[in-house]
Amino acid sequence: MLIYVNQFELIGPHSFSAAISTISGWLKQVTKKHFTNDMLLSGDEFTIDKMKVRTFTATAMTPALYSILLSHPDKSVKGRQWITEIGVKFEGNSTTISILLETSDISTLVKDIPSTTRPKLVSYLLQNATLNPESTLGLHTQTITNNYDSFKAFCYEIERSDRNFPLVFVSNCKTNKAPIVNPYKLQEQLVGLAQVIHSEEEIDSWELEKVLTRKYSAWDGAVNIIYPSFGREYCGNRLIRSDTLSSLNDKYENKFQHILSYITHTTNGYNKKRHFSPTDVRAKRQKDSRIQLKERFNELNSDGEYKSLAEEAFEQLEEQESVFAQLKEKYEREADDQLLANLEANQELTQCKNDKRVLEIRLNDFMDKPFKQGKPILIFGDESEKYEGEISELVIDALNNYIKNSKQTSRKYHLLQDILNNNPIEAARPVVFDELKQIFNNYNGMTSPMKQALKCIGLEVIQDGNHNHLRFINDDRCKVTFAKTPSDRRASGNIVRDIKAELF
């Protein structure tokens, strides 16, 4: 099982020696054996008790590539091996370290699921090496302040189409104005993977929600993970509520591991494609050797037949290498598609769980009510409800208006009043109206978060020239038209008024 993949760029004239020394120090802490730089660059294999260290090199041509693989059994789970792959690429004054951590179980009898953890080697690198500040994500946290411009800047960062990393928004609790999870320590855990954003002052959650929408906001200690859009019109997210965080063990590590697991779930697939493993190092070594061999053949001036035969063999090898490269590209595309499908499936699963919970609550409420006599008086036709209770709410409204003109002593009045008394409305429309007011508050043009929020209540926006058309999804019979750019500050209220009149 893949646990963690990350990559760091070290800079400076001594970046390579710093990288190898750091790996040597980490290995000594794990294996209790001292490894010299020469040992790690030798391409040899070392066994310490039940642990094994294997090294691989490809240095004939630049960039120089190395790989160090450590495998050892799990201390508490029998039949499980932990494998750490470290790739080192050295070129000029830059050294890239790629770290992959995974487990290997000998059979399906190993049932325990390993917890997500950051390798200690990352901590060693942060302490002993100089990471490139331009290419290393999350070296420091970012803060937002309690004002509209800061909220809007955060919104732009969420919607930025070329963002390829998660944002982790850490909110403060209402009681003590402090977060449940320390954002600085959390950023250390997520360095290279995600950017932590927090506030050092009290945030007006209502104003924040007006700009970000409820989907991307967080309050009262909650943590909201906002994933990249992956080419879609919206960003997926994972809101971890404060009660969930509080229910975890008081140790920081458990809270960090819980959040880290949601991050690596989306970043591991992308980062693994950039990782250079022992297989990649051996492939480069063979390629370097082939290039050098071909150069030697090109220098020959005699025996043209052998040279021609060798050139033909090299052409076949290069053609084979091209086929392998095409297959690799194909599998990487399939892996990307699978990752996106997995994310969407998780989003649908979460929505289904939420819907199930709502239905269970309503069912329990229904079961607690006394048994009602009679039979249903409404038969639905071809029209389907755009939101739950839409048709019955409309009929009850019509009965309420009708009964106002009926004599209170008439049989008609008593029958209608009995129906109204036993069919209370769920008042779904006022809830929808409140959502619309929040969405269109301070309307200054349609944004992706607004489209996603509208989609959650069954509405979609169709753009046409200088106007937007709002309608129920896949139903173009009724629609509301409004300008893409508002003409005055009353535009927000006018749009909501028109939506109520036309669609609700």
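Computed from a prediction, not measured in an experiment: that's the story for all the values here. Excluded from the calculations below are hydrogen atoms, water molecules and symmetry mates; all remaining heavy atoms, backbone and side chain alike, are included.
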**OP:** Report yes or no: is the cationic atom of R232 (NZ for Lys, CZ for Arg) under 6.0 Å from the centre of the six-membered ring of F230, at an angle within 45° of the ring normal?
**Re:** no
Original post:
Do N146 and D204 have side-chain N/O donor and acceptor atoms under 3.5 Å apart?
Top reply: no
Subject >> Atom CD of Q438 with >12 non-hydrogen neighbours under 6.0 angstrom >> reply: yes
**OP:** May I ask you to check whether over 12 heavy atoms, not counting those of E201, lie within 6.0 Å of atom CD?
**Re:** yes
Subject >> Criterion side-chain hydrogen bond (donor to acceptor under 3.5 Å, both in side chains) on N147 and S150, from CA distance to verdict >> reply: CA-CA 6 Å; N147 62 73; S150 183; 4.8 Å; no
Subject >> Check: S76/D74 side-chain N/O donor and acceptor closer than 3.5 Å >> reply: yes
Original post:
Side chains of S217 and E209: donor-acceptor distance under 3.5 Å anywhere?
Top reply: no
Original post:
Is any NZ, NE, NH1 or NH2 atom of the basic residue among E188 and K185 found under 4.0 Å from an Asp or Glu carboxylate oxygen of the other?
Top reply: no
**OP:** Run the ring-centre check on F154 versus Y216 and record whether the distance is less than 6.0 Å.
**Re:** no
**OP:** Just jot down the ring pair (Phe, Tyr, Trp, His ring centres under 6.0 Å) partners of Y184, sequence neighbours excluded, or say none.
**Re:** H198
Subject >> Sidechain N-carboxylate O distance under 4.0 Å for E460, K451 >> reply: no
**OP:** Assess whether atom NZ of K152 is packed by more than 12 heavy atoms of other residues, nucleotides or ligands within 6.0 Å.
**Re:** yes
Subject >> Any pair counted as ring-ring contact (aromatic ring centres under 6.0 Å, His included), so long as it reaches residues 462-487, sequence neighbours left out >> reply: F440-F482, Y443-F482, F472-F504
Original post:
If you look only at pairs with a residue in residues 404-425, which of them pass as a salt bridge (Lys or Arg N to Asp or Glu O under 4.0 Å), with sequence neighbours excluded?
Top reply: none
**OP:** Give a yes or no on whether K177 atom NZ has more than 12 heavy-atom contacts from other residues, nucleotides or ligands under 6.0 Å away.
**Re:** yes
